[in-house]
Structure formats: C-alpha cells, structure tokens
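We count residues from 1, following the sequence as given. Just so it is clear, the structure is predicted and the values come from calculations on it, not from any experiment.
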Amino acid sequence: MTLLVSESATQKMKEGLVLEDGYVFKEEIHFTVLKTSLFFSGDGFTVYDSKGQLVFRVDSYGPDTTKDELVLMDPNGRCLLTVRRKRPSLHQRWEGFKGERVDGDKPIFSVKRASIIGRSRTSVTVEVYDSPGEEYHIEGCFSQRCCTVINAVKEPMAEISRKVDPTTCVMLGKEVFSLSVKPGFDAAFAMGFVLILDQINGDSYFDNDATSEPTVHPTTED
C-alpha cells in the first residue's frame, strides 16, 4: 500500500473515526472492490489498490454462513472491524466493533435506515459513539453502485461508483465497483459501510422496481 501517513500527520489531518492509522491516507485513494459469488462457501469481498495489491478481504460470506455478523480483515487475515446486525430493529440497524468482536464489547458506531417507510434514496445514517457531533449520511443508490458518504457539514468522505475498464471503456458488472476515499478518512471505516449497505439494501432495495419491505414487528424498539 502507498501514501501512508505518519502517526503525527494522521492526528493532524484525520477526518472522523479512525480504526487504524495505516488505513488513513494523505491523498484521495481509489480501490477496486470485487464481490464474489454468493453460491459458494468462502466467498465475500476482496479489495485491491491501484497497483493490484490486496488491501481488504471478507471471507465465509456464502449461504451456509450467518450474515448477521461480518468481519473485515487485512490481507493477512487480521480482523480490523466486525459489523453485526442488531436484532430486533425497526431500522435494520447494524453496529460496528473495532477488531474482532467478543461478548461484552461495546460498538463504536452504528448504521441504520433513517426511515422505515418508503424507499428514499437518501435513507442511511451513521452515528459514531463517544464522539458528539460526528455523524454521516449515505446518499444514493447502492444497488446501482452509486453512493456518497457525507459528513455532518455535507463534505464527501467516500464514494461508491461503477467501474469502467480503462482499456475498453466498457462499464463492468455490479460485482466489480470502485470505492474512493478522501484524504484523512479511514478506508477500513469506509469499507465497513460497503459491507453493511450490501446487507441492509441488498441488490434491489433502492431499485425503482422494488416491491417488498423487510418484515419487522411493529412494536419492536430500535
């Protein structure tokens, strides 16, 4: 990986929650995200930098594995972030834990749909615990790989977009897409959003032709 920031520089320029200084960069960085097949065990996500080096991976994402808890790992298999679905929840709330979650750990952030009614294209909010005033909104259409993460003052921190083959100028399928992360924003934090969006939105949640809502108990509290 390139463009790593020193610890002192990171403290000066970091934007928001930092899971690990090594994933905060001094320039905007672009990743290629590959979502592997959901029909085989051991699949999930692999993420590469502009030089083709593996940066993140998510394994055991197939139908035989629970999807209520996902683990983001570095190339060596070290756990960077655990995201876990909170049940029950009207808003399909997910919570993030630094490193490998164990019983008793407290989450460091949560992601949820802002509304349980309708299909707003700007309906996902992120709350960072123990950091008053730090929050994010995710706008756009994840199923079409077109989303922007903005902070509380409407500045873009990360973007998800369709990827175009530079040699043919052909847009690739939705299983391959780009994740761009702004300077000072933790790339692991941003990738955590991708895992959660993939789960709470699915491939059809934001589509215009979507017809069904998740079923939840009307008296359940978030």
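- Atoms CD1 and CG, from Ile108 and Leu19 in turn, are 5.0 Å apart once rounded to the nearest 0.5 Å.
- By the rule that hydrophobic residues join a cluster once side-chain heavy atoms approach within less than 4.5 Å of another member, Val176 and Val58 end up as members of separate clusters.
- Taken to the nearest 0.5 Å, the CZ atom of Arg57 stands 4.0 Å off from the CE atom of Met73.
- The side-chain heavy atoms of Lys163 and Ser178, taken from C-beta on, include a pair separated by under 4.5 Å.
- Between Phe193 and Phe142 the shortest side-chain heavy-atom distance does not fall below 4.5 Å.
- One finds the CG atom of Leu80 at 5.0 Å from the CG atom of Asp74 (value rounded to the nearest 0.5 Å).
- Under the 4.5 Å side-chain heavy-atom criterion for grouping Ile, Leu, Val, Met, Phe, Trp and Tyr, Leu197 is connected to Val128 within one hydrophobic cluster.
- Between Met157 and the options Asp186, Ile150, Asn151, a side chain to side chain contact (heavy atoms under 4.5 Å, CB included) holds for only Asn151.
- Pairing each heavy atom of Phe185 with each of Val181, the nearest pair is O-CG1, 3.1 Å.
- Here the closest heavy-atom approach between residue Ala190 and residue Ala158 is recorded as CB-CB, 4.1 Å.
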Go through it in stages, so that I can follow the logic: the residues are His30 and Ser50, the test is side-chain contact (heavy atoms from CB on, under 4.5 Å), and I'd like the CA-CA distance, side-chain angles, deciding distance and then a yes or no. CA-CA 6 Å; His30 304 278; Ser50 60; 5.8 Å; no
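- For the pair Val33 and Arg145, the minimum side-chain heavy-atom distance is 4.5 Å or more.
- Using a distance-only test at 3.5 Å, with no hydrogens or angles considered, no donor-acceptor pair links the side chain of Glu28 to the main chain of Ser180.
- When side chains are defined from C-beta on, Val194 counts as touching Phe177, because their heavy atoms get closer than 4.5 Å.
- With rounding to the nearest 0.5 angstrom, the OG1 atom of Thr82 is 12.0 Å from the CD atom of Glu95.
- Connection of Tyr23 to Phe97 is not established within any shared hydrophobic cluster, with ILVMFWY side chains joined at heavy-atom distances below 4.5 Å, either directly or through further cluster members.
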Pair Arg101-Glu69, side-chain contact (heavy atoms from CB on, under 4.5 Å): steps then yes or no: CA-CA 9 Å; Arg101 187 194 71 85; Glu69 186 168 296; 2.9 Å; yes
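- Electrostatic pairing of Glu20 and Arg78 counts as a salt bridge here, judged by a charged N lying under 4.0 Å from a carboxylate O.
- Counting only heavy atoms from C-beta outward, the side chains of Phe56 and Leu179 never approach each other to under 4.5 Å.
- Heavy-atom contacts from other residues, nucleotides or ligands closer than 6.0 Å to CG of Asp130 number 12 or fewer.
- The minimum heavy-atom distance linking Leu81 with Ala188 is given by the pair CD2-O, 4.0 Å.
- Under the 4.5 Å side-chain heavy-atom criterion for Ile, Leu, Val, Met, Phe, Trp and Tyr, Val71 and Met191 are members of distinct hydrophobic clusters.
- A heavy-atom distance below 4.5 Å is not found between the side chains of Leu72 and Val83.
- Counting only distance, with no hydrogens or angles, the side chain of Asp105 and the backbone of Val102 share a donor-acceptor pair below 3.5 Å.
- Put simply, OH on Tyr136 and CZ on Phe189 are 5.5 Å apart, with the number rounded to the nearest 0.5 Å.
- Between Tyr129 and Pro107, the shortest heavy-atom contact is CD1-O, 3.2 Å.
- In this structure the side chain of Phe45 reaches within 4.5 angstrom of the side chain of Lys35, judged on heavy atoms.
- For the atom pair Thr148 OG1 and Lys182 NZ, the distance stands at 8.5 Å (nearest 0.5 Å).
- Taking the side chain as every heavy atom from C-beta outward, Leu172 and Arg162 never approach each other to under 4.5 Å.
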